[in-house]
J.: 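Handing you a structure now.
Just so you know, these numbers come straight off a predicted model, no measurement behind them. Just so it is clear, the values below take in all heavy atoms, side chains as well, and ignore hydrogens, waters and symmetry mates.
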Amino acid sequence: MLDLNGEKKQEKAFVILKHKLTNAPILAFPNFAKSFEIECDASNMGISVVLKQEGHPIAYFSEKLNGSTLNYPNYDKEYALVKSLKTWQHYLLPKEFVIHNDHESIST
């Protein structure tokens, strides 16, 4: 026996999942009256950094690691944070901002 109510919930969940997987988040315009957040992540394959404001992406960049950078320890792969600070200094310098990363040794 089919549960029509459960089937509708599954269909709705599938449509939402399909939408999230096929549509990229839209970049928002910055509001300089609010604080910025940087989310930084490094893996064995690449680095990625997102500049956000209230959960909405403002800008981002990523870089695939190759050559000698593949052998860097995780601490050194976090150079993405330094790169992002230089790249987005015009957003970040006027006021405080928050940095999120997942590497314990560079967290304070």
J.: Are the side chains of Lys52 and Glu39 in touch, meaning some heavy atoms are under 4.5 Å apart?
T.: yes
J.: What distance separates Asn23 CG from Lys20 NZ, expressed to the nearest 0.5 Å?
T.: 9.5 Å
J.: Once you round to the nearest 0.5 Å, how far does OG of Ser62 lie from CG of Asp41?
T.: 11.5 Å
J.: Using the rule that two of Ile, Leu, Val, Met, Phe, Trp, Tyr join whenever any of their side-chain heavy atoms come within less than 4.5 Å, decide whether Leu92 and Val50 are in one cluster.
T.: no
J.: So how far is it from Leu85 CG to Ile38 CD1, rounded to the nearest 0.5 Å?
T.: 5.0 Å
J.: Mind checking the NE2-NZ spacing from His56 to Lys34? Nearest 0.5 Å is all I need.
T.: 8.5 Å
J.: Side chain of Gln53, backbone of Asn31: donor and acceptor closer than 3.5 Å?
T.: yes
J.: Using 0.5 Å steps for rounding, measure from the OG atom of Ser35 to the CD atom of Glu54.
T.: 8.0 Å
J.: Using the six-membered ring wherever Trp is involved, compare the ring planes of Phe36 and Tyr91 and label them parallel, tilted or perpendicular (cut-offs 30° and 60°).
T.: tilted
J.: Can you tell me how far apart CD (Glu96) and CG (Leu93) are? Round to the nearest 0.5 Å.
T.: 13.0 Å
J.: Test Leu81 against Val49 for side-chain contact (heavy atoms from CB on, under 4.5 Å), laying out the working first.
T.: CA-CA 7 Å; Leu81 181 58; Val49 184; 6.0 Å; no
J.: Are Tyr60 and Trp88, when compared by the centres of their aromatic rings, separated by less than 6.0 Å?
T.: no
J.: Would you sort out whether Lys64 and Met45 count as a side-chain contact (heavy atoms from CB on, under 4.5 Å), showing the intermediate values?
T.: CA-CA 6 Å; Lys64 182 180 177 186; Met45 296 173 40; over 6 Å; no
J.: Same cluster or not: are Ile26 and Phe29 linked, directly or through other Ile, Leu, Val, Met, Phe, Trp or Tyr residues, by side-chain heavy atoms under 4.5 angstrom apart?
T.: no
J.: Is there a donor-acceptor contact under 3.5 Å from the side chain of Lys83 to the main chain of Phe61?
T.: no
